[in-house]
Amino acid sequence: MSTDDTDADSNDETATPVDEPDDEHHDFWAEGVADEIEQRDPNDPIVIKGGVSPSGVAHLGNVNEIMRGYFVAEALRDRDHEVRQVFTSDDRDPLRKLPRKLADPDGQIVGLGEVDAGALGRNLGKPYTDIPDPFGERDSYAAHFAALLEADADRLGVDIEMYSNTELYGEGAFDPVVERVLDRVDTAREVLSEYQAKADDDYVPFNPICEECGKLTETVTDIDLDAETVDYVCTDMEVGDETIEGCGHEGTATFREGKLPWRFEWPGQWQVLDVDFEPFGKDHAEGSWPSGVDIAENVLGIEPPVPMVYEWFTLNGEALSSSAGNIVTVPELLELLEPEIIRYFFALHPKKARDLDLSRLDQLVDDFDRFEEAYYEGVDDESVTAFAEAAYPYVVGNVTDERPIRLPYTFAAVLGMVDDRDLREKLARDEGHIPDDADEATVEAALARVEQARTWAERMDNAYNYRLQAELPDVAFDDATSDALDSLADVVAAGHDGETIQSEIYDTARDHGIEPGDLFEAGYRLFFDETQGPRLGEFLGDLEQEFVVGRLRRER
């Protein structure tokens with residue numbers, strides 16, 4: 001569960017962390033969670049929930065709850081349960097500060113200079129659903145964000161039902177919750193006082209929307225339960241060191257013209273949507289969750305759902321942060337990876353902290369490929385095989401009878417240096433990565449990874465970010481270097497692998513009385529028309545032998 005409501009930031013450091021679901025006897029954590037849900041004997045449909053406050057860029061971190069919920073939902077469906085996976089957009093929250101970046105309708109990150117940032121600034125303090133879409137395509141800022149998140153879920157093959165809090169309040173779904181909280185306001189204050197200081201005798205857990213300026217206010221002066229209204233004064237809102245000024249208007253709002261503070265709204269959603277299970281980040285484990293359980297049981301009189309706390313993942317070794325620019329969106333990542341690899345990343349145990357290092361995506365892809373191999377053929381690690389047998393069908397969705405043909409990611413990056421599609425296929429076949437009997441569809445599916453790896457090489461500007469020259473560059477070498485290149489051609493013609501070729505470059509240079517660096521540079525000039533490049537021997541070992549020999553001899 002994600003939110004930017006200030007109540008959610010006031011965590012009680014003494015609260016007891018949530019117990020982890022018991023998956024000791026399962027090879028896939030989602031099965032343990034499914035057991036815990038079934039132990040409550042829930043009625044179908046079982047409701048799995050996630051949520052987000054639409055405060056900025058929809059990025060991969062927002063997918064945490066979607067994917068954690070998806071795997072549990074699939075485990076339950078395999079047990080013949082009907083399951084609904086719902087997701088709330090907490091869009092009646094106020095815009096508290098300007099985001100530094102946004103995502104356009106295609107999910108690409110843009111700066112505020114590319115939109116009407118002034119329109120956002122003029123709407124600080126107002127609900128996200130009352131703020132215009134900066135891109136002019138949706139009904140509101142909130143609708144724009146929700147559409148991005150729904151699109152991300154769809155890209156990853158997850159079917160979610162998106163709920164707008166504003167719509168739920170507007171249609172009266174929250175009326176019984178608000179009435180119960182305000183009817184038992186003294187109990188609500190007493191419960192809340194255990195978790196935050198802002199719960200004195202004047203505190204009322206309801207935030208009306210000012211009919212004059214449209215901002216949310218925290219100052220309620222009277223409650224009329226029969227009329228289902230509150231009186232209010234539009235006062236200032238403190239956001240960190242900043243103040244969003246209220247207009248001072250005194251008015252009356254119905255229960256449908258405001259919202260509950262976060263700590264009450266979250267358990268209110270459990271009641272409104274009849275939630276059975278909800279995963280959430282560790283930031284909520286020590287404050288929001290204990291208070292939510294307390295409010296659910298002692299104010300609302302309902303049973304809280306089965307919880308699951310997940311560890312955040314880091315990106316490139318640092319915390320995900322929209323303000324710092326350390327984020328990646330689902331569309332950006334799908335330019336580098338197949339969707340099943342992203343699902344695999346989230347299938348790994350949620351209690352273990354992980355880093356998504358974009359510079360080392362090849363390691364993640366290699367891990368996925370081994371996971372896939374373990375499902376079809378088994379590997380030497382029994383725990384990996386057991387995990388794959390349990391989780392692989394959920395990760396890929398549709399399991400084929402035969403293992404898909406996948407090019408190793410770094411080999412695909414090598415092929416990305418080649419523009420010619422037919423040469424890519426020939427090189428892949430020569431290396432045994434595409435079988436002789438592969439049909440056209442299989443070949444195209446395998447080669448699709450080449451463009452992803454090529455994009456990765458360009459984005460990371462790594463050792464694979466070079467282009468093989470299709471024609472012999474216009475270069476000239478002295479006699480010693482020319483003789484060394486001819487000798488190196490003989491080494492390649494003898495059928496040695498890349499590691500052997502790499503070491504032979506050093507030996508060949510010494511045998512011809514030149515510096516190894518000069519021979520490497522000569523090779524780079526021949527193949528890339530550059531003075532540097534990837535590990536030359538390994539690269540030459542991956543290319544077609546006849547082509548390499550001809551190029552080293554300056555014949556083609």
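Small disclaimer: the values here were computed from a predicted structure and weren't measured.
- With rounding to the nearest 0.5 Å, the separation of CZ in Phe87 from CE in Met162 is 6.0 Å.
- Residues Asp236 and Ile244 fail the side-chain proximity criterion, which asks for heavy atoms closer than 4.5 Å.
- Checked for salt-bridge contact, Arg77 and Glu74 meet the test: a charged N lies under 4.0 Å from a carboxylate O.
- Rounding to the nearest 0.5 Å places CG of Leu333 at 4.0 Å from CD1 of Ile342.
- Applying the ring-ring contact (aromatic ring centres under 6.0 Å, His included) test to pairs two or more places apart or on separate chains, those with a residue in residues 33-79 are Phe28-Phe71.
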Donor-acceptor pairs are to be reported for all side-chain atoms of residues 391-398 against protein atoms at under 3.5 Å, with residues two or more places apart or in another chain.
from: Tyr392; atom 1: OH; to: Glu372; atom 2: OE2; distance (Å): 2.6
from: Tyr394; atom 1: OH; to: Glu31; atom 2: OE2; distance (Å): 3.4
from: Tyr394; atom 1: OH; to: Asp78; atom 2: OD2; distance (Å): 2.9

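- Residues Tyr376 and Thr400 meet the side-chain proximity criterion, which asks for heavy atoms closer than 4.5 Å.
- Relative to the six-membered ring of Tyr310, Arg68 meets both conditions, a distance below 6.0 Å and an angle of at most 45° to the axis.
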_Worked check of side chain to side chain contact (heavy atoms under 4.5 Å, CB included) between Leu156 and Met67_ = CA-CA 9 Å; Leu156 296 176; Met67 293 311 305; 4.1 Å; yes

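- When atom types are taken as modelled, the side chain of Tyr141 and the backbone of Leu95 share no donor-acceptor pair closer than 3.5 angstrom.
- Atom CD of Glu382 is surrounded by 12 or fewer heavy atoms from other residues, nucleotides or ligands within 6.0 Å.
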_Trace of the salt bridge (Lys or Arg N to Asp or Glu O under 4.0 Å) decision for Asp175 with Arg256_ = CA-CA 7 Å; Asp175 283 358; Arg256 302 184 183 189; 2.9 Å; yes

*Go through Ile109 and Glu332 one step at a time and tell me if the side chain to side chain contact (heavy atoms under 4.5 Å, CB included) criterion holds.*
CA-CA 9 Å; Ile109 297 175; Glu332 286 177 328; 4.0 Å; yes

*Kindly determine whether Tyr169 and Ser164 satisfy side chain to side chain contact (heavy atoms under 4.5 Å, CB included), including the steps that lead there.*
CA-CA 9 Å; Tyr169 279 107; Ser164 160; over 6 Å; no

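- Side-chain contact between Asp362 and Val365 is absent, with no heavy atoms from C-beta onward closer than 4.5 Å.
- Annotation for Glu377: atom CD counts as buried by contact number, over 12 foreign heavy atoms lying within 6.0 Å.
- No side-chain donor-acceptor contact under 3.5 Å links Glu338 to the backbone of Arg449.
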*Check the pair Arg79, Asp35 against salt bridge (Lys or Arg N to Asp or Glu O under 4.0 Å), reporting the backbone distance first and the verdict last.*
CA-CA 10 Å; Arg79 302 179 187 190; Asp35 284 350; 2.8 Å; yes

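- You'll find the side chain of Asp106 stays beyond 4.5 Å of the side chain of Pro331, heavy atoms only.
- Between Thr129 and Asp91, the side chains place no donor N or O within less than 3.5 Å of an acceptor N or O (distance only, hydrogens not considered).
- Between the OH atom in Tyr344 and the CG atom in Leu348 there is a gap of 4.5 Å [rounded to 0.5 Å].
- In this structure a side-chain-to-backbone donor-acceptor pair under 3.5 Å is missing from Trp266 to Trp289.
- Counting only heavy atoms from C-beta outward, the side chains of Glu218 and Phe206 never approach each other to under 4.5 Å.
- Between Asp380 and Arg370 there is a salt bridge, since at least one side-chain N of the basic residue sits less than 4.0 Å from a carboxylate O of the acidic one.
- For the pair Arg189 and Asp186, the salt-bridge criterion is met [side-chain N within less than 4.0 Å of a carboxylate O].
- Using a 3.5 Å distance cut-off with no hydrogens or angles, the side chains of His144 and Glu137 do not pair a donor with an acceptor.
- No side-chain donor from either of Gln271 and Arg180 sits under 3.5 Å from a side-chain acceptor of the other.
- Atom-to-atom distance recorded for Ile223:CD1 and Leu182:CG is 4.5 Å, nearest 0.5 angstrom.
- Exactly one residue among Asn43, Asp44, Asp276 makes a side chain to side chain donor-acceptor pair (under 3.5 Å) with His81. That residue is Asp44.
- Between Thr219 atom OG1 and Leu216 atom CG the span is 11.5 Å, to the nearest 0.5 Å.
- Ring planes of Phe346 and Phe313: perpendicular class, angle over 60° (limits at 30 and 60°).
- Aromatic ring orientation, Phe387 versus Phe371: tilted (interplanar angle from 30° to 60°).
- In summary, the aromatic rings of Trp270 and Phe277 are positioned with their centroids too far apart to meet the 6.0 Å limit.
- The main-chain N or O of Tyr195 is never found under 3.5 Å from a side-chain atom of Ser291 such that the two would form a donor-acceptor pair.
- Side-chain N/O atoms of Asp224 and Thr229 include no donor and acceptor closer than 3.5 Å.
- Between Glu373 and Arg406 there is no salt bridge, since none of the side-chain N atoms of the basic residue sits less than 4.0 Å from a carboxylate O of the acidic one.
- Between Lys259 and Asp90 there is no salt bridge, since none of the side-chain N atoms of the basic residue sits less than 4.0 Å from a carboxylate O of the acidic one.
- Within a 6.0 Å sphere centred on CD of Glu167, heavy atoms belonging to other residues, nucleotides or ligands number 12 at most.
- The closest side-chain heavy-atom distance from Glu303 to Arg40 is below 4.5 Å.
- In this structure, Lys198 does not pair ionically with Asp200, as no charged nitrogen and carboxylate oxygen lie closer than 4.0 Å.
- Partners of Arg92 under the side chain to side chain donor-acceptor pair (under 3.5 Å) rule, at least two apart in sequence or in another chain, do not exist in this structure.
- Within a 6.0 Å sphere centred on CD of Glu171, other residues, nucleotides and ligands contribute more than 12 heavy atoms.
- Looking only at distances, a side-chain donor or acceptor of Asn316 sits under 3.5 Å from a matching main-chain atom of Leu358.
- Dense packing is recorded around CZ of Arg184, with more than 12 heavy atoms of other residues, nucleotides or ligands lying under 6.0 Å away.
- Salt-bridge annotation for Arg403 and Asp369: absent, with no side-chain N of the basic residue lying under 4.0 Å from a carboxylate O of the acidic one.
- Here Ser55 contributes atom OG and Phe145 contributes atom CZ; the two are 6.0 Å apart, rounded to the nearest 0.5 Å.
- Although no hydrogens or angles enter the test, the distance criterion places a donor-acceptor pair under 3.5 Å between the side chain of Thr217 and the main chain of Thr235.
- Look at Glu311 and Lys351 and you find no salt bridge, because none of the NZ, NE, NH1 or NH2 atoms lies under 4.0 Å from a carboxylate O.
- When atom types are taken as modelled, the side chain of Asp231 and the backbone of Thr252 share no donor-acceptor pair closer than 3.5 angstrom.
- Using a 4.5 Å heavy-atom threshold, the side chains of Leu120 and Ile131 count as touching.
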*Apply side chain to side chain contact (heavy atoms under 4.5 Å, CB included) to the pair Thr329 and Leu60, showing each step before the final yes or no.*
CA-CA 5 Å; Thr329 66; Leu60 192 65; over 6 Å; no

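- Residues Ser321 and Asn326 have side chains that never bring a donor and an acceptor to within less than 3.5 angstrom of each other.
- The backbone N or O of Asp139 lies less than 3.5 Å from no partner atom in the side chain of Asp133, so there is not a single donor-acceptor pair.
- Within the 3.5 Å criterion, the main-chain N or O of Thr254 finds a donor-acceptor partner in the side chain of Glu257.
- Judged by distance alone, the side chains of Glu265 and Asn165 do bring a donor and an acceptor atom under 3.5 Å apart.
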